Student: 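Please find one structure pasted underneath; my questions will follow.
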Amino acid sequence: MSYVNEVIEQVIRENPNEPEFHQAVKEVLLSLEPVVAEHEEVFRRDALLERLVNPERQVKFRVPWIDDNGQVHVNTGYRVQFNSAIGPYKGGLRLHPSVNLGIIKFLGFEQIFKNSLTGLPIGGGKGGSDFDPKGKSDREIMAFCQSFMTELSKHIGADTDVPAGDIGTGAREIGYMFGQYKRLCNQFTGVLTGKGLPFGGSLARTEATGYGLLYITQELLRCHGIDIAGKTIAVSGAGNVAIYAIEKAQQLGAKVVTCSDSTGWIYDPDGIDVALLKNIKEVRRARLTAYADEKPNAVYHEGRGVWSTKCDIALPCATQNEVGLEDAKLLVANGTTAFAEGANMPTTEEATAYLQENGILFLPAKAANAGGVATSALEMSQNSERLHWTFDEVDAMLKKIMVNLYHNIDDAAKKYGFEGNFVVGANIAGFEKVMEAMMAQGIV
Ligand code: NDP
Ligand code: 2IT
C-alpha cells in the first residue's frame, strides 16, 4: 500500500465518526501522490504526513450561558490549532448546531493549505460551537459570545492564534468576542479579524471572500478566452460569502439569478436585488420568503434546487456537501462552463469527479474562497503597524492575491502533469510551502 493510502487508513481508523474530516484528508493526500513519490523515503522517516493530519493542539470546552428567561444552556466550544509551520494559527469560528469536532477538523485541515496559497504568513486553525444563533436575542448572542471567549481567550493571541468569522459568526459576534477578550486580557491587539471598522477592522474584509471568489473566477475564465460579462450565474447561500459574490458578479457585468438559505431558494429572472438581500439578511435577519414578497417577479421554492437552474457559472456559497452527484449531472446537462467553490468543501467527492470528467472548469474552495482569510491577514498587518489602508488599497491587494493564486495552482498542476486540474494544483501548491517549513523546523 502506498504511504498516502496508509496514512488515509490511519486517519479513518483513529478518527471514527468524522466523515467530513476523512473526506478532506482523502482529497488532499491523494492529490499529493506525485510529490510524495519524489520524497517518499524522507517523508516516511520524518512521519511528515502523520504530523500533517494530526492537529498540533485541539481544545474542547464547556460554554454555559443564560437566556432571556433565566434558563442556563450549555454548548460545546472548539478550537483546533492544526498547523503553525508558516505562521500563527488562522481561521474562522463557526456557530451552527451541526458543529462537532470532525467538522472543525475538516475546516482546520483545509485552512492549512488555503492559508499557504494566499502567500501570506498564516498557519491553519478553526473553531466554533454547536450554538445556534437563529432566533436568539442580541443579549443572548452577547451572553454566548462572552462565555465562549472567556475560555477561548486562554488559547489565542495576536501572535499565536487569530480567529475570525465563518457560518453564524459575523461582525456582531466578532464585536462581542473582541470586547470580552479586551476586558479579560487588558490588551487591545489584533487577536480577531473581521472586527468593526472603528476598532481595528479592515476595509474590504466584509466583502473579501465573495469579491475574491469573483476575481479568481474572472481570471480563470479570462485565461480560457471567456468574458464573465453577460454570463448567467447561480449562487447558493445568502450569507456573507454569497451576498458579496453576487455584488461583485453584478459589478463585472454578469447576471446572478439565484440565492438560497437553509429553508429555500430564490429564482429571480431580473437578477438578484443585492440591496434588498442585504436588508433581509444583514439588517432584518429574516427568511428568503421576504425577498419574494417584495419582488413579484421572483419565485421562492421550499427546500433545495439552485443547481437545477440553467447557468454558465455555478458558485456554491452555503455549506459543505451541498452539491451532490445529481446536482452535478444537472449542471453538466445545462451546459455550465465553470464552477468555483465559495463555501468550504461544498461538493461531494462524486460530484467533484463528475464535474471535472465532464470538462467543467472547477476551482476548489481552498483557492476560490481564500480571499477572505487573505484579507484577514491584511487586517493583521494593519493592526501590527497601527494604521488603516483605504478600501481601494486593500481591494487591489486582494485582487492581486487572487490572480497570483490562480496562476500558482495552474502552474503546479502543469508541473506535475495534471493541466487543468485545479484541485491537484491547489493541494500541491499549498502543501509545498508547508512541507518545506515543517522539514526545516525539525521534528515538532
Ligand atoms: P453565513 O452564516 O453568513 O451564511 C451561510 C449561508 O449558508 C446562509 O444563507 C445559511 O442559511 C446557509 N447555510 C448554512 N448552513 C446551511 C445548511 N446546513 N444547509 C443549508 N444552508 C445552509 O456564512 P458565510 O457566508 O460566512 O459562510 C458560507 C460558507 O463559506 C461556509 O462554508 C464558510 O465556511 C465559507 N467561508 C466563509 C468565509 C468568510 O469569510 N465568511 C471565508 C471562506 C469560506 P440560513 O440563513 O438559513 O442560516
Ligand atoms: O474559511 C475561511 O477561510 C474563513 N472562514 C475565514 C477565516 C479568516 O481567518 O478570515
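The figures here come from the full heavy-atom set of this structure, side chains too, leaving out hydrogens, waters and symmetry mates. Bear in mind that the values here come from a model prediction, so they are computed numbers and not experimental data.
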Student: Under 6.0 Å from the ring centre and within 45 degrees of the ring axis: does the NZ or CZ of Lys136 meet both conditions for the six-membered ring of Phe131?
Tutor: yes
Student: Are any of the side-chain heavy atoms of Lys182 and Ser153 separated by less than 4.5 Å?
Tutor: no
Student: Taking C-beta and beyond as the side chain, do Leu203 and His388 meet within less than 4.5 Å on heavy atoms?
Tutor: no
Student: To the nearest 0.5 Å, how far apart are CG in Leu277 and CG in Leu288?
Tutor: 6.5 Å
Student: Hey, does Met438 have a side-chain heavy atom less than 4.5 Å from the side chain of Asn83?
Tutor: yes
Student: Taking the side chain as everything from C-beta on, heavy atoms only, tell me whether Tyr89 gets closer than 4.5 Å to Phe82.
Tutor: no
Student: Please set out all donor-acceptor pairs under 3.5 angstrom arising from side-chain atoms of residues 234-242, sequence neighbours excluded.
Tutor:
from	atom 1	to	atom 2	distance (Å)
Ser236	OG	Cys317	N	3.0
Ser236	OG	Glu322	OE1	2.6
Ser236	OG	Glu322	OE2	3.4
Asn240	ND2	Thr206	O	3.0

Student: Compute the centroid of each ring, for Phe178 and then for Phe199, and state whether the two points are separated by less than 6.0 Å.
Tutor: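 Ring-ring flag for Phe178/Phe199: true, centres closer than 6.0 Å.
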Student: Heavy atoms, side chains only, cut-off 4.5 Å: are His96 and Val99 in contact?
Tutor: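 Yes. Closest side-chain heavy atoms under 4.5 Å.
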Student: Is the Phe422 ring parallel, tilted or perpendicular to the Tyr406 ring (thresholds 30°, 60°)?
Tutor: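 Judged by the thresholds at 30° and 60°, the geometry between Phe422 and Tyr406 is tilted.
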Student: So, applying side-chain contact (heavy atoms from CB on, under 4.5 Å) with Thr347, which one of Asp327, Asn321, Thr352, Val423 is it?
Tutor: Thr352
Student: Enter the distance from Leu276:CG to Lys295:NZ here, rounded to the nearest 0.5 Å.
Tutor: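 Between atom CG of Leu276 and atom NZ of Lys295 there are 7.5 Å.
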Student: If I take atom NZ from residue Lys231 and atom NZ from residue Lys255, how far apart are they, to the nearest 0.5 angstrom?
Tutor: 13.5 Å
Student: Does the plane of the ring in Phe148 sit parallel, tilted or perpendicular to the ring in Phe144? Use 30° and 60° as the thresholds.
Tutor: parallel
Student: Taking atom CG of Asp159 as the centre, does the number of heavy atoms from other residues, nucleotides or ligands within less than 6.0 Å exceed 12?
Tutor: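 Result for CG/Asp159: open.
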Student: For Leu213 and Ala340, which heavy atoms make the closest approach, and how far apart are they?
Tutor: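 For Leu213 versus Ala340, the nearest heavy atoms are CD1-CB, 3.8 Å.
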Student: Using a distance-only test with no angle check, is there a side-chain donor-acceptor pair under 3.5 angstrom linking Ser129 and Asn75?
Tutor: no
Student: Please say which of Glu20, Gln111, Lys114, Glu110 ends up in a side-chain hydrogen bond (donor to acceptor under 3.5 Å, both in side chains) with Asn344.
Tutor: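 Only one option passes, and that is Lys114.
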Student: Compare all side-chain heavy atoms of Val283 with those of Lys278 and state whether any distance is below 4.5 angstrom.
Tutor: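 Answer no - side chains too far apart.
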Student: Rounded to the nearest 0.5 Å, what's the gap from CG on Leu52 to CG on Leu29? Could you check?
Tutor: 7.0 Å
Student: Show me the side-chain donor-acceptor pairs of residues 166-177 shorter than 3.5 Å, one per line, residues at least two apart or across chains.
Tutor:
from	atom 1	to	atom 2	distance (Å)
Asp166	OD1	Lys126	NZ	3.0
Asp166	OD2	Arg94	NE	2.7
Asp166	OD2	Arg94	NH2	3.2
Thr169	OG1	Leu93	O	2.7
Arg172	NH1	Asp138	OD1	2.6
Glu173	OE1	Gly170	N	2.8

Student: Charged N to carboxylate O under 4.0 angstrom, Glu436 versus Lys433?
Tutor: no
Student: Assess the side chains of Arg13 and Gln10: does a donor N or O sit below 3.5 Å from an acceptor N or O?
Tutor: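 Short answer, no.
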Student: Quick check: closest heavy atoms across Gly425 and Ala412, and the distance to 0.1 Å?
Tutor: O-CB, 3.6 Å
Student: Kindly give the heavy-atom pair with the smallest separation between Gly127 and Arg79, and that separation in Å.
Tutor: N-NH1, 3.3 Å
Student: Side chains of Phe106 and Glu18: does their closest heavy-atom pair fall under 4.5 Å?
Tutor: no
Student: As an exercise, state the distance from CD1 of Ile409 to CG of Asn421, rounded to the nearest 0.5 Å.
Tutor: 9.5 Å
Student: Is any NZ, NE, NH1 or NH2 atom of the basic residue among Lys195 and Glu379 found under 4.0 Å from an Asp or Glu carboxylate oxygen of the other?
Tutor: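 Salt bridge: yes.
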Student: Would a 4.5 Å heavy-atom cut-off, applied to side chains only, mark Ser116 and Ile86 as touching?
Tutor: yes
Student: Is it true that a side-chain atom of Gln250 and a backbone atom of Val256 form a donor plus acceptor pair closer than 3.5 Å?
Tutor: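 Pair absent, no side-chain N/O of Gln250 close to backbone of Val256.
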Student: Nearest 0.5 Å, what's the CZ-CG distance between Phe109 and Asn54?
Tutor: 10.0 Å
